[in-house]
Amino acid sequence: MDPRTLGREPGSKPMELEEITTKISELDKWRTIFSSKGLEISNPIYQDIRKLLFGNAFQTFNYEWKKSFFKFRDAFSDLAYALEAEKGGARSIQLVVQAHIIKYLLFQKKECDHGSLSSLAELSQKQQERALAASLAYILWTAGEMKRATICLITSDSYFTESPDYKTDNFTEKLLLFEFVEKDNLEKFLCAHIHCFKDEGSHGVILFLYSLLFSRTIIRIRQDLDYTTTQLLHFCLGNYAVRQAVLNLMLTGRASPQVFNGDQLLDDQKSEQKHHGVLTRSDVGYLHWSREEMEQDKLPQVGSMLKTPKFPIWLCYINGTYSVLFGTNTSLLCDWKMEHIFDLYFYSGQFTQIKTAHLTIDTHSHHWEGHYKIDEGDREKRFPSLEMTIRTKWEGAAIRWNGTVPFF
């Protein structure tokens, strides 16, 4: 019997060998994605990952971190694209993911209406989940240098043996690692397991953070860091906050602790060790402004790699709080003529915001200074902090809120 006719209807055209091979290959891929055995973590790796995060193996995530996950606002609403981001250390991670979700929905989704703000409100729950999976996959794949990525999922079994040098948390010890060397398989796996990151009680943000660290690998992260940063989390105001290195890892794929361009040996530095900055232009940018740092003349100078990303989307750090600023026109960052008058949109991540804020930026008219003629020290007292943040990118710009009462 001709093997090409096996499983075929009588009289049908014989299946060519190439077609058979292709179908078997596709079947193997799906079997890999949905039936793969996770890799168990050894005791030393548990300790290494805990030390990388907290500086020692005895600290664990607190309640606010454990309850954090990726939760969208209502589907088919003005903020259907938006994640809820509560106060706490996990908020920064949620809002970097938020920035990538906006990038995907506006510029990368195949069936999207490119450049349309209204499309962000026309999302079903399935489309929300697809956007989350695609965004998480991109961040992890970039961290793995576009070659590999790792997903951490929690099981009911513990793979840890007791040790006097490690404090268990009944969570980390139940992780299984799933490794991928093809981005499509990674994204499909995330789509199939997206409930592990978006359901209440899933520890979704911690799972993603672990996945991020394993995708980059502990060795590479330690090479990315400089002497100013020895651990990725720090205790601040009763909670664990992420350091800039984690944000840069999610934005650029490299856990550099600084926001300026390149690696630099600072003038006032006695040591010959370099500070590690940003080496490549990122898809999503970063803007930073703080009233307290401004008053103390300690405002960090964000470099052009982060200020001018590939897409008009910025994670903003304003007075210690994270938010997202974005535009819908990609030409804004590659055609100087587009920077005369243009629109930006703002999402604070706070549940009290019920509609995306619409701002119009005018970089040629300096009437924002107007008749005030005030010095730098007083200027920030007269203008909303978001406006001051925007002016770190477009100095002297006039900003109109289009009927919205300035709230940030």
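All values derive from a computational prediction rather than experimental measurement.
- Between the side chain of W289 and the backbone N or O of L386 there is no donor-acceptor pair closer than 3.5 Å.
- Taking the ring centre of F383 as origin, the terminal cationic atom of R391 falls inside the region bounded by 6.0 Å and 45° from the ring axis.
- The two atoms that bring A397 and I361 nearest to each other are CB-CG2, 3.8 Å, heavy atoms only.
- Put simply, the side chain of L153 reaches to within 4.5 Å of the side chain of H193, judged on heavy atoms.
- Between the side chain of S68 and the backbone N or O of E64 there is at least one donor-acceptor pair closer than 3.5 Å.
- With hydrogens and angles ignored, the 3.5 Å screen pairs a side-chain donor or acceptor of T363 with a backbone N or O of E339.
- T392 approaches T389 most closely through the heavy-atom pair OG1-O, 2.5 Å.
- Not one N or O on the side chain of D169 forms a donor-acceptor pair closer than 3.5 Å with the backbone of T60.
- The side chain to side chain donor-acceptor pair (under 3.5 Å) test applied to E293 returns H288, not counting sequence neighbours.
- Of all the heavy atoms in A245 and L232, the pair that sits closest is CB-CD2, 4.1 Å.
- Under a cut-off of 6.0 angstrom, the local environment of NZ in K183 is crowded, with over 12 non-hydrogen atoms contributed by other residues, nucleotides or ligands.
- With sequence neighbours excluded, the residues forming a side chain to side chain contact (heavy atoms under 4.5 Å, CB included) with F407 are F346, S348, Q353, A357, W401, T404, listed by chain and number.
- With hydrogens and angles disregarded, no donor-acceptor distance shorter than 3.5 Å links the side chain of E129 to the backbone of K126.
- Rounding to the nearest 0.5 angstrom, the gap separating the CD1 atom in I206 from the OG atom in S211 is 11.5 Å.
- Between the side chains of T321 and K87, no donor-acceptor pair is found at a separation under 3.5 Å.
- The aromatic rings of W394 and F342 sit tilted relative to each other, their planes meeting at an angle between 30° and 60°.
- A pairwise comparison of heavy atoms in L247 and S92 identifies CD2-CB, 3.9 Å as the closest pair.
- In this structure, N248 contributes its side chain and A255 its backbone to no donor-acceptor pair below 3.5 Å.
- Here K51 pairs with nothing under the salt bridge (charged side-chain N to carboxylate O under 4.0 Å, His left out) rule; sequence neighbours left out.
- Note: D48 CG to I218 CD1 = 5.0 Å, rounded to the nearest 0.5 Å.
- Formation of a donor-acceptor pair under 3.5 Å by the Q59 side chain with backbone atoms of R50 is not found in this model.
- A search for salt bridge (charged side-chain N to carboxylate O under 4.0 Å, His left out) contacts involving R216 returns E145, D224, not counting sequence neighbours.
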Criterion side chain to side chain contact (heavy atoms under 4.5 Å, CB included) on R243 and Q231, from CA distance to verdict:
CA-CA 8 Å; R243 294 187 182 276; Q231 63 196 63; 4.0 Å; yes
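- How far CG of L186 is from OG of S215: 7.5 Å, rounded to the nearest 0.5 Å.
- With Y138 as the aromatic partner, K103 meets the cation-pi criteria of under 6.0 angstrom to the ring centre and within 45 degrees of the ring axis.
- In this structure, F197 CZ and S202 OG are separated by 8.5 Å, a value rounded to the nearest 0.5 Å.
- Two rings, from F326 and Y347, have their centers 6.0 Å or more apart.
- Between F208 and F70, the ring planes are perpendicular. Angles over 60° get that label, and only those under 30° would be called parallel.
- Under a 3.5 Å cut-off, the side chain of R281 and the backbone N or O of P309 do form a donor-acceptor pair.
- Applying the side chain to side chain donor-acceptor pair (under 3.5 Å) rule to S304 yields the partners N261; only residues at least two apart in sequence or on another chain are considered.
- Closest non-hydrogen pair, L106 versus T328, comes out as CD1-CG2, 4.1 Å.
- Remark: the backbone N or O of L315 is not paired with any side-chain donor or acceptor of Q98 at under 3.5 angstrom.
- Rounded to the nearest 0.5 angstrom, H203 NE2 and C196 SG are separated by 12.5 Å.
- No more than 12 heavy atoms of other residues, nucleotides or ligands shown are found within 6.0 angstrom of CZ on F351.
- Ring geometry for F54 versus Y240: interplanar angle over 60°, hence perpendicular rather than tilted (30 to 60°).
- No more than 12 heavy-atom neighbours from other residues, nucleotides or ligands sit within 6.0 angstrom of CD on E200.
- Listed here is the closest heavy atom pair of L190 and A133: CD1-O, 3.7 Å.
- Under the rule for a side chain to side chain donor-acceptor pair (under 3.5 Å), the partners of Q258 that lie at least two apart in sequence or sit in another chain are D226, T228.
- Judged purely by atom type and a 3.5 angstrom limit, R291 has no side-chain atom pairing as donor or acceptor with the backbone of N319.
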